[in-house]
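Just so it is clear, the structure is predicted and the values come from calculations on it, not from any experiment. These values consider heavy atoms only, across backbone and side chains, with no hydrogens, waters or symmetry-generated copies.
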Amino acid sequence: MTVTPALAVPRLENTLVEDHTREHQLLRQRLLQPAARIDSKYFYDDIGCELFTHICELDEYYPTRTEAAILSHCGAEIAAALPSGAQWIDLGCGDCSKSRKWLDKVQPSRLVGVDIAADFLQHSLARIAISHPGVECIGVVSDFTQSLELRDLLSEQPLAPPVFFYPGSSIGNFARPDALRLLRRIRQHCGEHGKLLIGVDLVKPRAILEAAYDDREGVTAAFNLNVLNVVNRELRADFQLENFKHDAVFNQRDSRIEMRLVSQTDHDVGLGAGSVRHFDQGESILTEYSHKYTSADFAAMLSEAGFTRHHYWSDEQHWFGVFLAQA
């Protein structure tokens, strides 16, 4: 008889201050403003997570497989540039699958997973703790895009430098000033010997970029429209999905994909708390930015954030970049 071992219980710290009333007010205010928008964090309910997993498997969606190929092909070289026995901090770790591939290569003293979903985070780290009993597993429940403060935690192992791991080109979802602020916060944690390993999507032909965010199967469209279901639950709103259409275009001037939901008719939407928003036909709701960088532009931003040295790896087509930055 095979006995399945009980899941280990990793240490969990919750620094997330949840104020649902304030979050609902902010969501409603952004929908009521002249240029309506929905924060992209609302994409990821259970259905949204499933749809995004499907998106990552699509032929048109190159970022996930391109980054994975770079990390695999250049993994030994990257690992050689990382300190052994480090504190490995996975920002937005999800199921920790990307970090799992690095644990044997870099042999960190601890894995710090940072994510917003407490139960999922603890379960994911518990599996890591079983497969890698020599690695201390710590979960930090936090919205690090709003606030990142791990210095007390990292100071518990002053001789183990931190390595921040931020794959997936998620840095592109931030407007440039916000991306710079996040990079500076990470730099403040790195001290003299810490490092940042980050994935960045690069500028490429418009047709390739737009196809990646508007696939033939309509999976990205379903992913985008599903955010209205989330808003309906959060605000007790009455969005009708058939009244909106997915749109994704590349803004050349600002070097970013802009994902929107475009109203197909003149209509009113109740947003709860007695609020009503009128949408004209053709009016849109902004749901996501995805900024694309040249390697030189992102290197300059790393320098501006205080990372004065970096290594860079890319694929043969230069579609995606992996940077290892340090002070």
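Side-chain contact between His318 and Ser295 is absent, with no heavy-atom pair separated by less than 4.5 Å.
A donor and an acceptor atom, one from each side chain of Asp315 and Thr66, are nowhere located under 3.5 Å apart. Checked by atom type, the side-chain pair Asp90/Ser99 shows a donor-acceptor distance below 3.5 Å. The closest side-chain donor-acceptor pair between Asp95 and Ser124, if any, does not fall under 3.5 angstrom. Between Asn243 and Gln264, the side chains place no donor N or O within less than 3.5 Å of an acceptor N or O (distance only, hydrogens not considered).
By the rule that hydrophobic residues join a cluster once side-chain heavy atoms approach within less than 4.5 Å of another member, Leu225 and Phe52 end up as members of one cluster. In the hydrophobic clustering of this structure, Leu82 groups with Trp313; members are Ile, Leu, Val, Met, Phe, Trp, Tyr whose side-chain heavy atoms approach within less than 4.5 Å, directly or through other members. In the hydrophobic cluster analysis, where Ile, Leu, Val, Met, Phe, Trp and Tyr join through side-chain heavy atoms closer than 4.5 angstrom, Tyr166 is grouped together with Leu202.
Between the side chain of Ser147 and the main chain of Asp143, no donor-acceptor pair closer than 3.5 Å is present. Side-chain N or O atoms of Thr265 include none that pairs as donor or acceptor with a backbone N or O of His267 at under 3.5 Å. Judged by distance alone, the side chain of Arg256 and the main-chain N or O of Gln252 form no donor-acceptor pair under 3.5 Å. No donor-acceptor pair closer than 3.5 Å links the side chain of Gln326 to the backbone N or O of His193.
In this structure, His291 has its ring center closer than 6.0 angstrom to the ring center of Tyr289. Residues Tyr293 and Phe323 place their aromatic rings such that the two centres sit no closer than 6.0 Å. A centroid separation of 6.0 Å or more is found between the aromatic rings of Phe320 and Tyr62. Between Phe164 and Phe144, a ring centre-to-centre spacing not shorter than 6.0 Å is recorded. Phe279 and Phe244 have their aromatic ring centers within a separation under 6.0 angstrom.
Within a 6.0 Å sphere centred on CG of Asp280, heavy atoms belonging to other residues, nucleotides or ligands number more than 12. The 12-atom threshold is not exceeded at CD of Glu192, counting heavy atoms of other residues, nucleotides or ligands nearer than 6.0 Å. Residue Asp46 places its CG atom among 12 or fewer non-hydrogen atoms of other residues, nucleotides or ligands, all under 6.0 Å distant. Around atom NZ of Lys245, no more than 12 heavy atoms belonging to other residues, nucleotides or ligands sit under 6.0 Å away.
Considering every non-hydrogen atom in both Ser255 and Val203, the closest pair reads OG-CG2, 3.4 Å. Pro34 and Arg277 get closest at one heavy-atom pair: O-NH2, 3.6 Å. Residues Ile171 and Gly199 share a closest heavy-atom pair of CG2-O, 4.1 Å. Minimum heavy-atom separation, Ser169 to Asp201: CB-N, 3.6 Å. Scanning all heavy atoms of the two residues, the minimum distance from Gly75 to Lys105 falls at CA-NZ, 4.0 Å. Closest heavy-atom contact between Arg110 and Gln87: NH1-OE1, 2.8 Å.
One distance of note links CD1 of Ile186 with NZ of Lys195; it measures 15.5 Å at 0.5 Å rounding. Note: Leu121 CG to Glu13 CD = 11.0 Å, rounded to the nearest 0.5 Å. The CZ atom of Phe239 lies 8.5 Å from the CG atom of Leu261; values are rounded to the nearest 0.5 Å. Atom CG of Leu91 sits about 11.0 Å away from atom CG of Leu197, to the nearest 0.5 Å. From Asp178, atom CG reaches atom CD of Gln146 across 8.5 Å, with rounding to the nearest 0.5 Å. Distance check, rounded to the nearest 0.5 Å: SG of Cys96 to CG of Leu125 gives 4.5 Å.
Annotation: salt bridge (Lys or Arg N to Asp or Glu O under 4.0 Å) contacts involving residues 220-238, sequence neighbours excluded, comprise Asp45-Arg233.
His246 pairs by the ring pair (Phe, Tyr, Trp, His ring centres under 6.0 Å) definition with nothing, not counting sequence neighbours. Remark: Phe307 engages no residue in a ring pair (Phe, Tyr, Trp, His ring centres under 6.0 Å) (not counting sequence neighbours).
Note on Glu67 versus Lys98: salt bridge recorded, some NZ/NE/NH1/NH2 to OD/OE distance being below 4.0 Å. Using a 4.0 Å cut-off between charged nitrogen and carboxylate oxygen, Arg11 and Glu156 count as a salt-bridge pair. Salt bridge absent: Asp247 and Arg260 never bring a charged side-chain N and a carboxylate O closer than 4.0 Å. Using a cutoff of 4.0 Å between basic side-chain nitrogens and carboxylate oxygens, Lys41 and Glu23 are scored as salt-bridged.
With Phe250 as the aromatic partner, Arg206 does not meet the cation-pi criteria of under 6.0 angstrom to the ring centre and within 45 degrees of the ring axis.
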For His310 and Tyr312: C-alpha separation, side-chain torsions, deciding distance, then whether ring-ring contact (aromatic ring centres under 6.0 Å, His included) applies.
CA-CA 7 Å; His310 73 270; Tyr312 168 70; 7.4 Å; no
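Residue Leu27 forms a side chain to side chain contact (heavy atoms under 4.5 Å, CB included) with just one option from Asp39, Val230, Leu32, Leu235, and that option is Leu235.
Phe165 and Trp88 have tilted rings, their planes meeting at an angle from 30° to 60° on a 0 to 90° scale.
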